[in-house]
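Just below is one structure, and these are the notes that go with it.
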Amino acid sequence: MQILYKSDPQRGALWQQWLAQHAPDIQLHLWPETGNPHEIEMLIAWQPPENMMETFPGLKALLSVGAGADQFDLSALPPDLPVVRMIEPGLTQGMVEYVTFAVLGLHRDMPRYLQQQRDARWQAHSVRPAAARRVGVMGLGELGQASLRQLVSLGFDCAGWSRTPREIEGATCFHGADRLGAFLARSDILVCLLPLTAETRGLLNHDLFRQLPAGAALVQAGRGAQLHHNDLLAALDSGQLSAAVIDVTDPEPLPSTHPFWRHPAIWLTPHIASQTQADSAAAALLENLRRYQRGEPMKGLIDRARGY
Ligand code: NDP
Ligand code: OXD
């Protein structure tokens with residue numbers, strides 16, 4: 001089988017070597033080298049090349065190198081072309097670490113203590129136990145579930161919110177737009193791990209923030225276009241929110257004059273919450289290619305109607 005990779009060249013070279021060793025029947029071409037374009041069955045990319053279907057008429061699936069597929073213009077792709085996102089343990093573990101870091105940092109008041117350090121002020125505030133901190137995770141997919149389980153194990157009072165019903169031991173699960181308000185009302189720290197869809201675009205806005213307990217904090221590791229920047233700034237200024245850890249923005253990067261860079265209550269990271277890990281992802285990729293070869297559905301298939 002001939003497949004084409006178009007993304008970070010270092011990871012590509014590693015995958016090429018790994019596949020040559022573990023699956024010599026699969027040949028990975030590294031863009032811009034494509035071999036015979038008519039023989040390419042799979043394209044693995046963050047951004048596909050222009051005229052993809054004309055150039056690779058035998059394409060059977062488009063695979064994202066990341067956990068999201070919202071970077072693809074799905075409406076421009078043939079409706080029957082399977083689109084597959086990345087599910088691999090290294091990416092999941094990275095997100096668990098980031099969410100845990102952010103929730104613990106907020107729980108232990110670190111934005112306030114960092115400001116106090118800058119002001120050379122030695123002042124203790126009362127320490128709240130994890131069991132008295134209500135954490136809510138929006139999105140209970142691969143990343144949300146794993147993150148929530150970790151937070152449960154740390155003793156937080158946890159809840160999750162998804163589109164359809166989910167069950168996670170130790171956490172209260174809510175689903176659907178009707179239950180969003182009840183979920184928000186018990187989220188002292190709100191973590192967003194939602195995919196970007198028509199329904200989640202702009203969801204983190206004034207209307208949502210006002211439904212959180214006063215002084216709540218936000219962790220945004222979903223997608224930039226879900227967050228309304230001015231509404232976040234207004235919520236921080238009014239005290240409705242106390243702090244925010246933001247990993248994704250729209251646009252990325254933010255212009256150097258953007259207030260998020262210097263806001264004392266915002267921790268901003270450059271879309272590093274998690275990344276596909278070349279070694280663990282190579283095995284996950286091969287497993288998916290084998291599924292395809294056996295005629296089984298690949299893991300991470302995007303439901304084009306739902307948008308994720
Ligand atoms: P999944 O597709 O596995 O899970 C998505 C979850 O979101 C599901 O639980 C789904 O509900 C829920 N959901 C989707 N739409 C709605 C809605 N309208 N209302 C309520 N819940 C909804 O995705 P992953 O967990 O793998 O990834 C989540 C996102 O994390 C990615 O799409 C990407 O945006 C982001 N990400 C960010 C990274 C970073 O570095 N910042 C790295 C990797 C991913 P249901 O369970 O009912 O289907
Ligand atoms: C991803 C990402 O989707 O990096 O993997 O955000």
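Counting starts at 1 for both ligands and their atoms, following the listed order. Note that the coordinates shown come from a computational prediction; the quantities given were computed from them, not determined experimentally. Counting begins at 1 with the first residue of the sequence.
Counting heavy atoms only, Ala221 comes closest to atom 37 (C) of ligand 1 of the residues Ala177, Gly307, Ala221, Cys173. Closest heavy-atom approach to atom 13 (N) of ligand 1 among the candidates Thr197, Asp303, Leu194: Leu194. When the heavy-atom distances from atom 7 (O) of ligand 1 to Gly141, Gly176, Pro195 are ranked, the shortest goes to Pro195. Distances from atom 47 (O) of ligand 1 to the heavy atoms of Leu91, Leu143, Thr164 show the closest one on Thr164. Considering only non-hydrogen atoms, atom 34 (O) of ligand 1 lies nearest to Arg223 out of Gln226, Arg223, His175, Arg85.
Ring geometry for His258 versus Phe260: interplanar angle over 60°, hence perpendicular rather than tilted (30 to 60°).
Within ligand 1, counting atoms from 1 as listed, the ones closer than 4.0 Å to a heavy atom of Val248 are 41 (N). For ligand 1, the atoms sitting less than 4.0 Å from at least one non-hydrogen atom of Arg166 are 45 (P), 46 (O), 47 (O), 48 (O), numbered in the order shown with element in parentheses. Ligand 1 places these atoms under 4.0 Å from at least one heavy atom of Ala273: 39 (C), 40 (O), 41 (N). Taking every non-hydrogen atom of Leu193 and a distance limit under 4.0 Å, the qualifying atoms of ligand 1 come out as 28 (C), 29 (C). Close approach to His271 involves these atoms of ligand 1, each under 4.0 Å from a residue heavy atom: 39 (C), 40 (O), 41 (N).
Separation of the His175 and Phe183 ring centroids does not fall under the 6.0 Å cut-off. Ring pair Phe56/His38: centre-to-centre distance not below 6.0 Å. Between Tyr5 and His29, the ring center distance fails the sub-6.0 Å criterion.
Closest to atom 5 (O) of ligand 2, if we only count protein heavy atoms, is Ala67 N, 2.7 Å. Closest protein heavy atom to atom 2 (C) of ligand 2: His271 NE2, 3.4 Å. Residue, atom and distance of the protein heavy atom nearest to atom 18 (N) of ligand 1 are Glu199 OE1, 2.9 Å. In terms of protein heavy atoms, atom 43 (C) of ligand 1 is closest to Ala67 CB, 3.5 Å. Of the protein's heavy atoms, Trp161 CH2, 3.2 Å lies nearest to atom 19 (N) of ligand 1. Among all non-hydrogen protein atoms, the one lying nearest atom 10 (C) of ligand 1 is Tyr308 OH, 3.4 Å. Remark: minimum distance from atom 21 (N) of ligand 1 to any protein heavy atom is reached at Arg163 N, 3.0 Å. Of all protein heavy atoms, the one lying nearest to atom 9 (O) of ligand 1 is Leu140 N, 2.8 Å. Taking atom 3 (O) of ligand 2 as the reference point, the nearest protein heavy-atom neighbour is Arg223 NH2, 2.7 Å. Looking from atom 41 (N) of ligand 1 to the surrounding protein, the closest heavy atom is Asp247 OD2, 2.8 Å.
The residue Met86 has no part lying near ligand 2, judged by heavy-atom distances below 4.0 Å. For Met95, every heavy-atom contact with ligand 1 shorter than 4.0 Å involves the side chain, none the backbone. Within the 4.0 Å heavy-atom criterion, both parts of Glu142, backbone and side chain, lie near ligand 1. Within the 4.0 Å heavy-atom criterion, neither part of Glu252 lies near ligand 2.
Between Leu148 and Val137, the shortest heavy-atom contact is CD1-CG2, 3.6 Å.
For ligand 2, none of its N or O atoms has an N or O atom of Leu91 under 3.5 Å away. Between Ser274 and ligand 1, at least one pair of N/O atoms sits closer than 3.5 Å.
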Give the C-alpha distance, both sets of side-chain angles, the deciding distance and a yes or no for side chain to side chain donor-acceptor pair (under 3.5 Å) between Arg118 and Gln115. CA-CA 5 Å; Arg118 283 190 286 269; Gln115 186 55 47; 3.0 Å; yes
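Other residues, nucleotides and ligands contribute only 12 or fewer heavy atoms inside 6.0 Å of the CD atom of Gln17.
When only modelled atom types and interatomic distance are considered, Thr276 and Glu88 share no side-chain donor-acceptor pair under 3.5 Å. When only modelled atom types and interatomic distance are considered, Arg11 and Ser7 share a side-chain donor-acceptor pair under 3.5 Å.
Asp303 places none of its side-chain heavy atoms less than 4.5 Å from the side chain of Leu301. The shortest distance between side-chain heavy atoms of Ile168 and Leu140 falls below 4.5 Å. The shortest side-chain heavy-atom distance between Leu184 and Phe209 does not fall under the 4.5 Å cut-off.
For the pair Arg306 and Tyr308, the cation-pi test (distance below 6.0 Å, angle within 45°) is passed.
Proximity of a side-chain donor or acceptor of Gln220 to a complementary backbone N or O of Leu218 within less than 3.5 Å is not detected.
Note on Met110 and Ile246: separate hydrophobic clusters, where clusters join Ile, Leu, Val, Met, Phe, Trp and Tyr whose side-chain heavy atoms are under 4.5 Å apart, directly or indirectly.
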